[in-house]
Amino acid sequence: MSCYIDFERYSGAGIVGTAFDLLIIGSGVAGLTLARELSGQGLRLLIVESGNWDETTHEKARDATELQDDIGASGDSATARADELAQFGPIDLAQRDWVPGSGWPLDMDTLAHYCARAVRRLDGGPLLASNRIWKTTGQQVPSVIEGLDSFSPAFNQKAPSTADMTDAARLWNKFRSENHPDVTVLFNATATSIKCGDRNVTGVGVVSSVSGKNHCLLDAGYVVLAAGAVENARLLLLSRDRTGAAPGNRQDVVGRYLMDRPSVTLGSFYGPSKSRVASAFSAFTLFADRRAFIYSYGLSIKPNVQDQWRLTNMTVYATVHHGADDPVRALDRLLKGQRERRAADLLAASARPGLATTHVGRMLLEHPQAPAWLRGWLAHPTALLHPTSADRNRIRSPARKIEKVDLDVVCEQPPLPENRVTLSSHCDRFGLPKAKVTWDVGDQVRYGLSTLGSLLARELTVAGFSDFRLSPALAASDGAKIVPHNIGRFSGTTRMGVDVASSVVDPTSQVHGMNGLYVAGSSVFPTSGAANHAVMTMALSMRLADHLRERFASRRLAQFKSAFCENGSRPLVLVTGATGNLGTSIVEQLLVQGYRVRGQFHLKLPNESRVEWVHADFSKVDMVDATFDSLLNGVSAVIHLAATGPGAPDMHVTNEVNLERLVRACVRHGIEYFGHASSMVVYGSPTKRLVTESDPLINPDIPIEKQYFESGAMRDYARSKREAERVLEKYAPHLHVDVYRIAMAQRSLQRSLASGRPDRIMEMYRNNHYISPHNVAMAVVHLLQVALRGSSTNGIDAYNIADTASPSYKNFYHRVGHKALLQVPLAFDLLKGLALSRCISRRIPMALCRLDNSKLRSTGFELDSDRDSSFSIASPRHGTEDPSSCMR
């Protein structure tokens, strides 16, 4: 698990003098995303968090900020929430001549991949950001949408919290429940300044957040500021050098271009249309991979209309207000013991027993004492049956008593240099100048709101919604009376760009002129957009993680190059995916056997200096032939492990397209041997209990759901692995190919056994065939040796690499201290087969099957008798533990 250190109780050990690869200031959305992306890469990471174990930094951000009366504090809090998820559109990133300062140095083609990754990280379901969502979810296009010429739907997805159906995912709680042994979190530690040398960052000064009694300088060659828009700017401004210049501020840009997303109520429906509008803007679900994902939508101005009327981007959402006689409100008052109108409340609640039962059930699920496993088990079926259960303001039930429906708008604010963060003449409790925030909504936003209101009211009337009433200020078209309120989600104070005169960081998020100092979060946004920032913040943080990973890789490869000793007396073997779980074991086994090894890696950084390392990304569709040549020059054999797993958008490119290009290059280079890591999934759902290499395989030319009773993502993965074998069959006449159909690696058990009870039950139902990575490595190297020392001919052969007598999932389950587990009956599989294939299948549940390794053993291979040597797992943690068990 991660190591947590309370700086208030710091004893002087574990931090000062430790060589961390990266120091991250802040544990909000940006900081935690960076840590999660870079964890497990062979790096040592330190997060500096000013908040306490269970305390947000919101209050501390306010303590350090001098605000106008109408501005709320904005901090990248330690209990960072991922609210509704929405992707920016191309116009949000475009340079628009009517929006001064607009234009990102990146486009959506560059960021789309990262946005999709962000939504998957947040468990938000498929990213459906266009009109195809109606067909995918089976929804009819609402009449309120069809009747508007200037507006299009703006979709949101819910990032669900497993603890509270009506709450959004809290990333800090999720991070604490995960295992990140290479991450140290220093909490109750407030960063006071960034230490810089000659164009290089050297460290960070910190002080204990509560008492201020502890302080130290943390050495670091790479630092990322991820403390929120206000605090990021403040930290840079506090970090002046001997000449008085702050990092990135020689052009007086740090802190400027402060933006929020102002909001105001455009108007309301009071008449007969209010129920239709409430229903139209209600939440709905998409069921995929045994889960219910929640979506909702608002209205956005079409790009051509923005251009025509010179408007910034704006998004309109409906807010439903229920009357005092609403059954749910009545029930809430009864449950809280309010007596003012008890008789009327009893009558209202009892008149709608179904609605009352649903509401009480939801409250029970949200109760802190409700078991986490029960919440997780029931949350998705409940959301599927009642999509609006995730948002109290979007209850679709006709039994609800609607008083009115407001249309609220969230606006993109132009980046104005006069809106800024500076240092105040007042100091915080540590004697450091507070941040002074100067912000005004601006005339362009007021003009845009007036224009938007007129457009929307006119088009709603034409569409038949004549009872919509604009708010008085908008109806009067009086800009001075339009008073939008800020929502306290600042951005733009360290904006990204290529011009140092108008930006603080470059397109990689590195501060101009300061090597190793980066900024993450919405403070780097050149424009604010009108959508929630969570997806774009995570996307940019993931992109920054990839950039930092490449920098660390280059540094490490330079160190290894001097240590690597070339020895031409033994064959050179290329191992792709050499830093993965299987790759690490196979590389070690090859080195033990005396082979020279060239290792390809992409994400996880290498740690083995005896290997010649090459960085290459098989998920890139535009890989050039020179990359394959650099991998294969001088190579005698290839062991190909690089692959993309279920659910990834680049699976086809990695597993099929670039596999074929690699094999074609092998033929061109005269490679003698090609070993390919396939999977047991190519058998689909087996037809007998002991599966041999001669048994039927999945046929991608007919529906997979009739052959493999698994989730859609797993079926796609099985298809991809089978198509990969087909690719190899084409080239088998030109080289010797071994296909390794590998059982589940035991290391995956750690994640499975630490998951919730419903997932563990499904795992026991699905899997009973495990093998240690150590035994996989021994088998792979054995087959390589058989091929190289024998008189093998060209062609293709397949081997089940499995331990037929391995302990079952149930054995492992009990070994780590779990109590008896429910065995999902065979009837469940029969029902699933009937649902998927519309027939009673004779296929056997995976938990009752084993892979036969007789063919592998016939080559002279014997499994290591200590087949569980690589398997070690502590009992999984339930809930969030106190940090004292691991803190110093």
N/O donor-acceptor pair under 3.5 Å between Arg850 side chain and Thr804 backbone: yes

Salt bridge present between Arg668 and Asp629 (N-O < 4.0 angstrom): yes

Ring centroid separation Phe618 to His640 under 6.0 Å: yes

Polar side-chain atom of Thr627 near backbone of Met623 as donor-acceptor pair, under 3.5 Å: no

Sub-4.5 Å side-chain heavy-atom contact between Leu574 and Val597: no

Backbone N/O of Pro686 and side chain of Asp695: donor-acceptor pair under 3.5 Å: no

Thr692 backbone acceptor or donor facing Asp852 side chain under 3.5 Å: no

Close side-chain approach of Glu660 and Lys730, heavy atoms under 4.5 Å: yes

Which atom of Tyr595 lies closest to which atom of Pro571, heavy atoms considered: CD2-O, 3.9 Å

Gap between atom NE2 of His676 and atom CG of Leu641 - 0.5 Å precision: 9.5 Å

Residues Val691, Arg741; criterion side-chain contact (heavy atoms from CB on, under 4.5 Å); working and verdict: CA-CA 11 Å; Val691 183; Arg741 293 174 184 156; over 6 Å; no

Side-chain touch Leu659/Leu728, heavy atoms, less than 4.5 angstrom: yes

Backbone of Asp738 reached by a side-chain donor or acceptor of Asp797 within 3.5 Å: no

Presence of salt bridge, Arg117 and Glu37, under 4.0 angstrom: yes

Output field: ring centroids His615/Phe601 closer than 6.0 Å: yes

Residues Glu178 and Arg36 bridged, charged N to O under 4.0 Å: yes

From CG (Asp803) to CG (Leu851), nearest 0.5 Å: 10.5 Å

Salt bridge present between Arg726 and Asp701 (N-O < 4.0 angstrom): yes

Intermediate values then yes/no, ring-ring contact (aromatic ring centres under 6.0 Å, His included), Phe175 and His180: CA-CA 8 Å; Phe175 181 83; His180 299 285; 4.7 Å; yes

Flag, side chain of His736 to backbone of Tyr673, donor-acceptor distance under 3.5 Å: no

side-chain contact (heavy atoms from CB on, under 4.5 Å) between Leu85 and Leu122, intermediate numbers included: CA-CA 9 Å; Leu85 311 179; Leu122 290 168; 3.5 Å; yes

Rounded distance [0.5 Å steps], CE in Met542 versus SG in Cys115: 9.5 Å

The single option from Ile704, Val682, Val681 passing side-chain contact (heavy atoms from CB on, under 4.5 Å) against Ile698: Ile704

Heavy-atom check, side chain of His774 versus side chain of Asp864, under 4.5 Å: yes

Worked verdict on Val739 versus Tyr799 for side-chain contact (heavy atoms from CB on, under 4.5 Å): CA-CA 6 Å; Val739 174; Tyr799 295 89; over 6 Å; no

Asn853 (side chain) donor-acceptor with Asn800 (main chain) under 3.5 angstrom: no

Any Lys620 side-chain heavy atom under 4.5 Å of Val653 side chain: no

Approximate separation, where rounding is to 0.5 Å, of Ser772 OG and Leu863 CG: 8.0 Å

Heavy-atom pair with the smallest gap, counting every atom of Ala637 and Val635: O-CG1, 3.0 Å

Validation row: Val638, Val573 side chains within 4.5 angstrom (heavy atoms): no

Test item: His782 side-chain N/O and Thr859 main-chain N/O as donor-acceptor pair under 3.5 Å: yes

side-chain contact (heavy atoms from CB on, under 4.5 Å) between Gln785 and Phe861, worked out: CA-CA 11 Å; Gln785 291 173 320; Phe861 176 74; over 6 Å; no

Partner of Thr579 by side-chain contact (heavy atoms from CB on, under 4.5 Å), out of Lys604, Gln600, Glu608, His602: Lys604

Nearest-0.5 Å distance, NZ of residue Lys706 to CG of residue Asn699: 13.5 Å

Arg715 charged N/C atom sitting above Tyr708 aromatic ring, 6.0 Å / 45°: no

Side-chain donor or acceptor of Glu725 paired with backbone N/O of Lys721 under 3.5 Å: no

Heavy-atom closest pair, residues Pro646 and Ala713: CB-O, 3.9 Å

Closest heavy-atom pair and its distance - Asn655, Ala724: O-CB, 3.4 Å

Residue pair Glu723 / Pro700: nearest heavy atoms and the distance that separates them: OE2-CB, 3.4 Å

More than 12 heavy atoms from other groups under 6.0 Å of NZ on Lys855: yes

Heavy-atom side-chain proximity of Arg661 to Asn658 below 4.5 angstrom: yes

Any side-chain heavy-atom pair of Ser720 and His652 under 4.5 Å: no

Shortest non-hydrogen contact between Arg598 and Leu631, atoms and distance: NH1-O, 2.8 Å

Basic-acidic side-chain contact under 4.0 Å: Glu729, Arg722: yes

Ile671 side, atom CD1; Cys666 side, atom SG - distance, nearest 0.5 Å: 5.0 Å

Aromatic ring pairing Tyr731/His734, orientation class (parallel under 30°, perpendicular over 60°, tilted between): tilted

Check: Thr576 side chain, Ala642 main-chain N or O, donor-acceptor pair, under 3.5 Å: yes

